[in-house]
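Input: a single structure, listed below in structure tokens.
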Amino acid sequence: MEERYQPQSVEPKWQKYWRENRSFKVKQEASKEKYYLLEMFPYPSGKIHIGHVRNYTIGDVVVRYKRMKGFNVIHPMGWDAFGMPAENAAIDNNTHPAAWTYENISSMREQLKKMGFSYDWDREIATCHPEYYKWEQWLFLKMLEKKMAYRKESYVNWCEKCQTVLANEQVEQDRCWRCSQTVHQKKLWQWFFKITDFAEDLLVYCDKLPGWPDKVTTMQKNWIGKSVGSELKFKIHGKDEDIVVFTTRPDTVFGATFMCLAPEHPLVESLSKGSDQEELVLRFVKKISSQERSAEGLEKYEKEGVFTGAFCINPATSEKIPVYTANFVLMEYGTGAIMSVPAGDQRDFDFARKYNLEIIPVVQPEGEEFDGRTMEEAYTGEGKIINSGEFNGLDSKDAMDIMTDWLEKKGRGKKTISFRLRDWGISRQRYWGTPIPVIHCPDCGVVPVPQADLPIKLPEEANLLEKGGSPLPTLDYFIKATCPQCKREDAKRDTDTMDTFVESSWYYLRYCSPRYEKGMFDPDAVKYWAPVDQYIGGVEHAVLHLLYSRYFMRVLNSLGMIDFKEPFTRLLTQGMVCKETMTCPEHGYLFPEQARKNEQGRLECTICNRDVEVGRVIKMSKSKKNVVDPNELLEQYGADVTRLFCLFAAPPERDLEWNEDGVEGSNRFVNRVWRLTIDCIEKMNGVKPYRGAASDLLSSQAKDLYIKANQTIKKVSDDIDQSFHFNTAISAVMELVNNLYAVDLDSIADEQKKVIVFCIENIILLLSPITPHFCEELFLRMGKKGSVLEQPWPLYRDDSLKTDEIIIVVQVNGKLRAKLTMGADSDETLIEEAALADEKIQKYIKDKTLKKVIVIRKKQTLVNIVI
RNA sequence: GCCUGGGUGGCGGAACUGGUAGACGCAAGGGACUUAAAAUCCCUCGGAGAUAAUCUCUGUACGAGUUCAAUUCUCGUCCCAGGUACCA
């Protein structure tokens with residue numbers, strides 16, 4: 001018999017067995033409790049990398065565990081197949097995005113199969129299939145009908161080099177993630193989904209997701225950004241028109257000494273028209289619009305603005321105050337106009353000092369005396385109201401409501417809520433995506449495509465343009481359309497495609513009935529399987545994908561298609577796998593295999609022999625080339641050792657700096673278990689495992705080992721079920737294995753043999769979710785029938801978890817001084833007496849008066865003697 | 001700036017509601033087996049200082065506090081990572 005585990009022969013053998021027995025196929029079974037586990041589906045970029053391996057291993061362990069626990073488990077896999085990299089790769093390699101994508105899918109599918117992941121491959125989907133995106137188009141039309149989708153002109157991130165709109169997440173520090181070109185704002189007609197309709201509901205439910213990490217719900221809350229405040233109306237001097245502002249501090253309205261409008265605000269132009277300021281204002285607006293307004297840009301620009309020439313009336317003081325336009329006011333937030341209270345807001349303060357505007361303190365903390373002329377910074381805290389007429393002396397917190405009510409009675413204000421969340425712009429000027437199913441008619445305007453005409457297929461024979469723009473606007477046969485309403489023949493099809501986040505917002509429902517032809521999903525199947533019980537993926541999607549998915553479920557819910565709102569009951573955000581980057585002055589980023597150590601011990605580039613610079617440890621990404629291909633590990637150690645190693649390295653939520661040094665240890669452990677089992681099979685063939693109570697065992701060695709085994713079963717079950725801490729689950733099994741190695745199998749009594757068989761059988765079952773091929777093979781060699789998959793998860797005996805004797809820790813003044821062993825049932829008095837009588841303890845307490853003796857009997861029994 | 005996390009040996013990481021700090025593993029050192037190597041097995045391994053086994057002091061970023069007892073709780077400081085950012 002082989003001394004070592006042979007993954008090269010064992011792993012393919014079991015993969016074949018699972019395939020032929022359709023081991024992972026699942027069906028709806030009303031009598032069985034379902035469990036839906038899903039890992040975020042991959043973008044088919046070409047190769048599986050170690051981050052995927054980690055993600056899918058975590059999921060696969062839980063899935064296999066839940067199956068053994070008797071759940072009807074659905075575990076599907078598919079491809080987030082639309083997206084820009086396919087187009088870029090197609091241009092670079094002179095191929096078609098579809099060809100490139102399908103090729104990647106098939107090689108990645110093979111890699112996943114080699115890892116032994118237990119997917120129901122019959123449910124595989126790819127979002128670029130017309131059978132999939134047909135239903136996305138169908139939903140789009142439904143949303144259009146219900147006014148959940150609309151079109152407006154707005155500013156978008158535009159990369160000139162790639163000739164497209166970029167999603168916010170594709171902009172890294174002002175630059176295009178692919179070509180590093182600075183991104184510009186461009187005004188375009190775009191389709192939007194009205195996610196803001198659900199802002200409040202999405203926010204409220206953040207607190208009703210106990211299975212989600214706080215980190216993620218907090219990020220979503222911040223992203224939604226609810227502010228409670230007031231809308232106040234300032235009458236424009238000399239006109240019968242108001243400027244509406246949003247403020248969270250209505251209590252400071254008496255201190256509003258000027259007004260600022262966003263440069264894009266429609267009133268800026270009309271107010272300055274005809275005044276002395278007109279010229280200056282126009283020049284300022286033009287200058288600002290040509291500037292970057294993104295994060296990096298804004299830091300560089302000082303607050304500046306221009307007087308519009310107009311005044312408005314402060315509704316509280318009835319004073320005339322000047323109206324400015326300023327670069328720090330955002331059109332997209334609130335009303336695009338602010339009342340400026342320089343004494344209470346640092347930005348307003350800076351602006352006021354710069355342009356010599358009046359500063360009137362209106363909120364003052366206890367024991368301070370503010371003077372607008374000498375203040376050095378704004379006071380943003382709470383305090384007592386001053387300089388505010390009848391409201392003086394109020395607490396600023398109370399004044400918020402009181403003043404708003406007062407202004408409301410005067411018809412000058414009301415309470416309101418503002419959100420930071422904006423509607424979701426989904427139009428992309430890209431080719432490789434879902435076509436937006438509308439037609440533009442010169443007479444009828446925007447006309448939805450009739451449902452019967454779906455899907456609007458993406459023309460497959462399109463050639464991509466050299467410079468990277470979408471070829472769709474150049475394809476006459478695609479664009480040309482007859483208006484479905486008036487039958488005009490010169491109508492035009494929309495040439496934009498949808499953001500790929502739209503596909504990923506509902507794919508998990510499609511898995512429930514992946515080939516369903518009458519709708520997005522079979523309602524029965526979704527009723528049984530959905531929502532997802534456990535979702536696993538990278539934290540980088542904390543806001544975007546996870547928020548969009550929550551939004552989509554609300555859309556479907558309000559359309560009456562589903563009866564739940566939250567797509568993912570529990571969420572595990574696994575940490576990122578990181579590695580240092582390496583750059584060559586000549587060749588830029590290098591793959592790890594493109595750097596080697598030279599004779600002087602320095603890293604050099606394998607192409608040009610120049611010194612390689614080792615950069616920061618960051619998340620593995622293809623563009624930074626700091627990726628590790630799992631193939632090498634897979635070939636050398638096999639899938640099971642790779643899986644074990646990924647899990648053992650760190651708990652799943654933690655970021656992991658990739659380092660292969662420990663893999664030998666995992667390999668060693670697997671072989672330790674292998675040899676132990678083979679040895680056991682040879683030496684105790686036919687011995688049945690012991691299953692009684694620990695107390696019925698005669699020898700203390702057998703008893704201790706049996707108790708340890710029961711503790712291990714409990715520990716592993718708890719770790720997998722409750723916390724996903726596979727690293728400690730594995731440690732526990734390692735400890736049990738170490739204990740078994742301490743036993744000499746050749747000279748033991750029958751009783752102990754039975755206990756050892758019990759241990760080994762259970763070790764195989766406990767490890768089977770983690771190292772499935774390995775455990776199947778050992779299970780077979782132990783003479784068992786069938787597959788480990790059909791075995792129930794091992795149970796431990798409650799009566800066999802505690803040892804008869806316990807170690808008692810004795811402290812003097814909190815410092816460990818002695819350890820005693822006593823019977824587990826000794827009472828406190830007995831323990832205290834024994835502790836005080838101990839020789840080592842006597843050394844410390846002799847001739848001293850005891851102040852107190854504390855006996856703790858929790859998990860650990862402990863005596864603390866205070867002198 | 002604000003919001004989250006986090007800081008434990010040479011390294012990855014344990015320590016559940018305060019109760020033996022460093023489980024398990026890696027690396028390192030020593031030993032056994034072997035003609036030799038690999039593989040395997042055993043021992044040591046936070047720091048400092050004494051010793052015959054062993055013992056004492058010290059130690060969880062830093063400084064205070066609460067407590068019989070603090071890696072764990074509270075306050076303050078520093079550092080790191082992620083998110084977000086002129087949000088009125």
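Here is the naming used below: chain letters follow the sequence lines, and residue numbers restart at 1 for every chain.
- The heavy-atom pair separating L267(A) from D242(A) by the smallest distance is CD1-O, 4.2 Å.
- Enclosure of atom NZ in K221(A) by more than 12 non-hydrogen atoms of other residues, nucleotides or ligands within 6.0 angstrom is indicated.
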Test Y637(A) against E664(A) for side-chain hydrogen bond (donor to acceptor under 3.5 Å, both in side chains), laying out the working first. CA-CA 9 Å; Y637(A) 297 100; E664(A) 273 301 335; 2.8 Å; yes
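- Atom CD of Q8(A) has more than 12 heavy atoms from other residues, nucleotides or ligands within 6.0 Å.
- Which of rG13(B), rA88(B), rA69(B) sits closest to the side chain of I338(A) comes down to rA88(B).
- Between S227(A) and rA88(B) there is a side-chain N or O to OP1 or OP2 distance below 4.0 Å.
- Between the CD atom of E664(A) and the P atom of rA28(B) there is a distance of 11 Å, given to the nearest Å.
- Atom P of rU66(B) sits at a distance of 38 Å from the matching atom of rG82(B), rounded to the whole Å.
- Contact of D661(A) with rC26(B) (side chain to base): no donor-acceptor pair of N or O atoms is detected under 3.5 Å.
- Rounded to whole angstrom, the span from the NZ atom of K226(A) across to the C1' atom of rU84(B) amounts to 20 Å.
- Residue G225(A) is out of contact with every strand shown, counting any heavy-atom pair closer than 4.0 Å.
- Contact of K303(A) with rC86(B) (side chain to base): a donor-acceptor pair of N or O atoms is detected under 3.5 Å.
- By the 4.0 Å N-to-carboxylate-O rule, D401(A) lies close enough to K415(A) to be salt-bridged with it.
- Here R654(A) does not reach the OP1 or OP2 of rG5(B): none of its side-chain N or O atoms lies under 4.0 Å away.
- In this structure, K354(A) places its NZ atom where more than 12 heavy-atom neighbours from other residues, nucleotides or ligands lie under 6.0 Å away.
- A side-chain hydrogen bond (donor to acceptor under 3.5 Å, both in side chains) with D350(A) holds for exactly one of R353(A), Q346(A), R347(A); it is Q346(A).
- Ring geometry for F726(A) versus F724(A): interplanar angle under 30°, hence parallel rather than tilted (30 to 60°).
- A 4.5 Å side-chain heavy-atom check between I831(A) and V863(A) finds at least one atom pair inside the cut-off.
- For the pair R4(A) and W674(A), the cation-pi criterion (under 6.0 Å, within 45° of the ring axis) is not fulfilled.
- Distance N327(A) CG to rC87(B) P: 12 Å, rounded to the nearest Å.
- Environment of NZ in K683(A): crowded, with over 12 heavy atoms of neighbouring residues, nucleotides or ligands closer than 6.0 Å.
- The P atoms of rG25(B) and rC42(B) are separated by 10 Å, rounded to the nearest whole Å.
- In this structure, Y333(A) and R668(A) both approach RNA chain B, and ranking their closest nucleotides by distance from the 5' end singles out R668(A).
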Output a table of nitrogen or oxygen pairs between the protein and nucleotides 46-52 of chain B separated by less than 3.5 Å.
none

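- Every residue meeting the side chain to side chain contact (heavy atoms under 4.5 Å, CB included) condition with P630(A), not counting sequence neighbours, appears here in chain and number order: I48(A), I50(A), V53(A).
- You'll find the ring centres of F351(A) and Y324(A) inside the 6.0 Å limit.
- Residues K226(A) and I417(A) are in side-chain contact: their nearest non-hydrogen atoms beyond the backbone lie under 4.5 Å apart.
- Distances were taken from every side-chain heavy atom of F648(A) (C-beta onward) to each of rC24(B), rA15(B), rA88(B); the shortest belongs to rC24(B).
- You'll find the side chain of V809(A) stays beyond 4.5 Å of the side chain of L820(A), heavy atoms only.
- In this structure, F645(A) and W658(A) have perpendicular ring planes: the angle between them is above 60°, well past the 30° mark.
- Whole-Å rounding puts the I50(A) CD1 to rG12(B) C1' distance at 15 Å.
- In secondary-structure terms, RNA chain B builds stems of at least 3 consecutive Watson-Crick or G-U pairs, each pair having both distances under 3.5 Å, at B:1-7 with B:78-84, B:10-12 with B:24-26, B:28-32 with B:40-44, B:46-50 with B:54-58, B:61-65 with B:73-77.
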Base versus backbone protein contacts along nucleotides 53-60 of chain B [heavy-atom cut-off under 4.0 Å; B, S, -]: --SSSS--
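- As rounded to whole Å, 18 Å separates atom C1' of rU84(B) from atom CZ of F419(A).
- A 6.0 Å sphere centred on CD of E632(A) holds no more than 12 heavy atoms belonging to other residues, nucleotides or ligands.
- Here E735(A) pairs with K708(A) in a salt bridge; the nearest charged N to carboxylate O distance falls below 4.0 Å.
- Summary of the strand contacts: R675(A) and A650(A) both lie near RNA chain B, and taking for each the nucleotide with the nearest heavy atom, the more 5' one is attributed to A650(A).
- Nucleotide rA69(B) holds its P atom 8 Å from the CG atom of N864(A), rounded to whole Å.
- Shown here, rG49(B) is classed anti by the O4'-C1'-N9-C4 or O4'-C1'-N1-C2 angle, which is more than 90° from 0.
- Residues from residues 730-740 of chain A lying near RNA chain B, meaning a heavy-atom separation below 4.0 Å, are S731(A), M734(A), E735(A), N738(A) in numerical order.
- The side chain of A649(A) has rG12(B) as its nearest neighbour among rU40(B), rG12(B), rC87(B).
- Comparing rA23(B) with rU35(B), their C1' atoms are spaced 41 Å from each other, to the whole Å.
- Each of rU84(B), rG12(B), rA27(B) was ranked by its minimum atom distance to the side chain of R420(A); first place goes to rU84(B).
- Remark: the separation of the P atoms in rG5(B) and rG65(B) is 27 Å, to the nearest Å.
- When heavy atoms are screened at a 4.0 angstrom cut-off, Q811(A) is found touching base atoms of the nucleic acid.
- Within residues 213-222 of chain A, the residues approached by RNA chain B to less than 4.0 Å at the level of any non-hydrogen atom are K215(A), T218(A), M219(A), N222(A), in residue-number order.
- Note: CG (D744(A)) to P (rU40(B)) measures 20 Å, nearest angstrom.
- Looking at heavy-atom distances under 4.0 Å, D655(A) makes contact with sugar-phosphate atoms alone, never a base.
- At whole-Å resolution of the value, CG in N667(A) and C1' in rA38(B) are 13 Å apart.
- Stacking of R420(A) on the aromatic ring of Y333(A) is not recorded, the 6.0 Å distance cut-off and the 45° axial limit not both being met.
- In the set rU84(B), rC68(B), rC87(B), rC68(B) carries the atom at the smallest distance from any side-chain atom of K852(A).
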